[in-house]
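Please read the structure below before turning to the comments.
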Amino acid sequence: MEILTIRDIARLARVSVSTVSRVLNGRPDVSEKTRAAVLQVVQKTNFTQNSNAKNLKQRNSEIASIIVRGRQNSFLTDVAERMISFGNQSKARFALDFIDEQGDEFEAAHRQFAERKIEGIVFLGSSTAGKEREIRALPLPCVFATVDTSALRCEGVSSVSVDDRLSARMAVDYLLDCGHRKIAVMGGRREVDDGIGQRYRGVLQSFEARSLAFDERLYVESHFTMGCAYERALAFVRSGLECTAMFCMSDTMAIGAIKAFSEFGLRVPDDISVIGFDNIALARFLTPTLSTVSQPAQLIAEKSVELISRLIHDPSDTENVIVPSRLVQGGTVRRLDGQEPPTRESARESA
């Protein structure tokens, strides 16, 4: 006799695993029509929950997949490594999968589900804009790390991230406080309503708060790699457009841009100031050290492990967590009037 699982019942009833779980546990938050459909499948297949198997699952460690979108993103790699380390302490095991920045993380998720006995997925560096149907079609509970999915309101989906809009505004506010007005911005596709789009909105809000307008010609679109940022920064300075500072939406971009400026004969921060985003380890070993907005990698990793573990045991236990970001003053930003940069201890924290 074939042994059916709760996932099989969900497939036959054409509902989510979390819905089947709520029906079997007598939860009230299910429509009567859906409840009847699930119970009909249960009765037809003679399905019964195996309490021994359930208890065994609770004693064993969960196996989840971490899908990292961006092979050369140091921050995402750092978070993934911290997740694995923290997971080992909490008896949660992870399978790690890297895809290209332009790859399809949802296709990778379905492949992982087909090839491995995983119980959940953590997406690192994903974009959810316009992907609601793909997310709802995922066969497993998932956590989006570094992306806020609170607007989706999907079953079995949690997230942990900084407030990207406020964090980017923090960086540009700092540059404006230092007297900069011709500020260039390097980032991804700003028209997409994802984390990058939110950072772009933070840039605009920072200017608007001072009755200033951001010069759209100073937006430099780039992939989140040092090589691409280097090439785009070179093209930018060769274009003849002038700026006194650049906000890069990742430290990886900032490092590539600084190399381009140096090769073009521009000194940082004497000729151009640069501020990044992420606070990767390498940023602290540059000379001068990189000014940046810090995302709490350890906290993001720990919350991601906690959230996916909760979802594996109860797919309805969703939560969208916003963690604080802070400004880290390095040596790559100067004040245009020659004074010391303003002290902004921890600056604002996104909440």
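- Side-chain atoms of Asn320 and Ser150 include no donor-acceptor pair closer than 3.5 Å.
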ask   = Passes side-chain contact (heavy atoms from CB on, under 4.5 Å), Phe264 versus Asp271? Steps please.
value = CA-CA 11 Å; Phe264 204 78; Asp271 300 315; over 6 Å; no
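- Between Ile275 and Thr332 there is no side-chain heavy-atom pair separated by less than 4.5 Å.
- Defined by atom type and a distance below 3.5 Å, a donor-acceptor pair is present between the side-chain atoms of Glu263 and Tyr230.
- Counting only distance, with no hydrogens or angles, the side chain of Arg326 and the backbone of Val293 share no donor-acceptor pair below 3.5 Å.
- With values rounded to the nearest 0.5 angstrom, Asp104 atom CG is found 7.0 Å from Ile99 atom CD1.
- Atom CZ of Arg14 is surrounded by 12 or fewer heavy atoms from other residues, nucleotides or ligands within 6.0 Å.
- Between Leu282 and Met226 there is a side-chain heavy-atom pair separated by less than 4.5 Å.
- With Thr128 as the fixed residue, the side chain to side chain contact (heavy atoms under 4.5 Å, CB included) test singles out one of Val157, Asp194, Thr149, Asp148: Thr149.
- In summary, the side chains of Ser291 and Gln329 do not present any donor paired with an acceptor at a separation below 3.5 Å, with no hydrogens or angles considered.
- For the pair Asp97/Val68, no side-chain contact is recorded, criterion being any heavy-atom separation below 4.5 Å from C-beta on.
- A 6.0 Å sphere centred on CZ of Arg217 holds no more than 12 heavy atoms belonging to other residues, nucleotides or ligands.
- A distance of 5.0 Å separates NE2 of His223 from SG of Cys228, quoted to the nearest 0.5 Å.
- Judged by distance alone, the side chain of Ser167 and the main-chain N or O of Asp163 form a donor-acceptor pair under 3.5 Å.
- Using cut-offs of 30° and 60° on the angle between ring planes, the pair Phe144 and Phe123 is parallel.
- No continuous path of ILVMFWY side-chain contacts below 4.5 Å connects Val328 to Phe247, so the two sit in separate hydrophobic clusters.
- Residue Ile67 comes nearest to Glu105 through the heavy atom pair CD1-O, 3.8 Å, listed as atom of the first residue, atom of the second, then distance.
- In this structure, CZ on Arg189 lies 11.5 Å from CD1 on Ile196, to the nearest 0.5 angstrom.
- Side-chain contact, Asp251 with Ser74: no donor N or O sits under 3.5 Å from an acceptor N or O.
- In terms of heavy atoms, Asp100 sits closest to Arg69 at O-CG, 3.7 Å.
- A ring-centre distance under 6.0 Å is not found for Phe224 and Phe75.
- In summary, the side chains of Asp173 and Ser206 do present a donor paired with an acceptor at a separation below 3.5 Å, with no hydrogens or angles considered.
- Considering CG of Leu241 and OH of Tyr219, their distance stands at 15.5 Å, rounded to 0.5 Å.
- Comment: Arg201 does not engage Glu208 in a salt bridge, judged by the lack of any side-chain N to carboxylate O separation of less than 4.0 angstrom.
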inquiry  = Checking Ser158 against Glu319 for the side chain to side chain donor-acceptor pair (under 3.5 Å) test, could you report, in this order, the C-alpha distance in whole Å, the side-chain angles of both residues, the deciding distance, and whether it holds?
reply    = CA-CA 5 Å; Ser158 291; Glu319 184 179 3; over 6 Å; no
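- Using modelled atom types and a 3.5 Å distance limit, the side chains of Glu155 and Thr19 yield a donor-acceptor pair.
- Remark: Ile258 CD1 to Met253 CE distance equals 13.5 Å, nearest 0.5 Å.
- The shortest side-chain heavy-atom distance between Ser304 and Leu124 does not fall under the 4.5 Å cut-off.
- With a 4.5 Å cut-off on side-chain heavy atoms, Asp164 and Phe277 count as touching.
- More than 12 heavy atoms of other residues, nucleotides or ligands shown are found within 6.0 angstrom of CZ on Arg136.
- The shortest distance between side-chain heavy atoms of Ser273 and His180 falls below 4.5 Å.
- Considering CD of Glu231 and NZ of Lys259, their distance stands at 10.5 Å, rounded to 0.5 Å.
- A 6.0 Å sphere centred on CD of Gln298 holds more than 12 heavy atoms belonging to other residues, nucleotides or ligands.
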query = Run the side-chain contact (heavy atoms from CB on, under 4.5 Å) check on Leu152 and Ile135 step by step: do they pass?
reply = CA-CA 9 Å; Leu152 294 177; Ile135 294 171; 3.5 Å; yes
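- The main-chain N or O of Ile280 is never found under 3.5 Å from a side-chain atom of Asp278 such that the two would form a donor-acceptor pair.
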inquiry  = Between Arg210 and Asp177, does the salt bridge (charged side-chain N to carboxylate O under 4.0 Å, His left out) criterion hold? Intermediate values first, please.
reply    = CA-CA 11 Å; Arg210 304 181 191 225; Asp177 285 347; 2.7 Å; yes
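- In the displayed structure, Gln40 atom CD is contacted under 6.0 Å by at most 12 heavy atoms of other residues, nucleotides or ligands.
- For Asp78 and Arg82, the salt-bridge test passes: some basic side-chain N is under 4.0 Å from an acidic carboxylate O.
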message = Could you go through Met246 and Phe236, starting from their C-alpha distance and side-chain angles, then the distance that decides it, and tell me whether this counts as side-chain contact (heavy atoms from CB on, under 4.5 Å)?
response = CA-CA 11 Å; Met246 176 177 280; Phe236 174 75; 4.3 Å; yes
Evaluation steps, side-chain contact (heavy atoms from CB on, under 4.5 Å), between Gln295 and Asn279 = CA-CA 7 Å; Gln295 296 196 74; Asn279 194 27; over 6 Å; no
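- Nearest heavy atoms, Ala260 versus Ala233: CB-CB, 3.6 Å.
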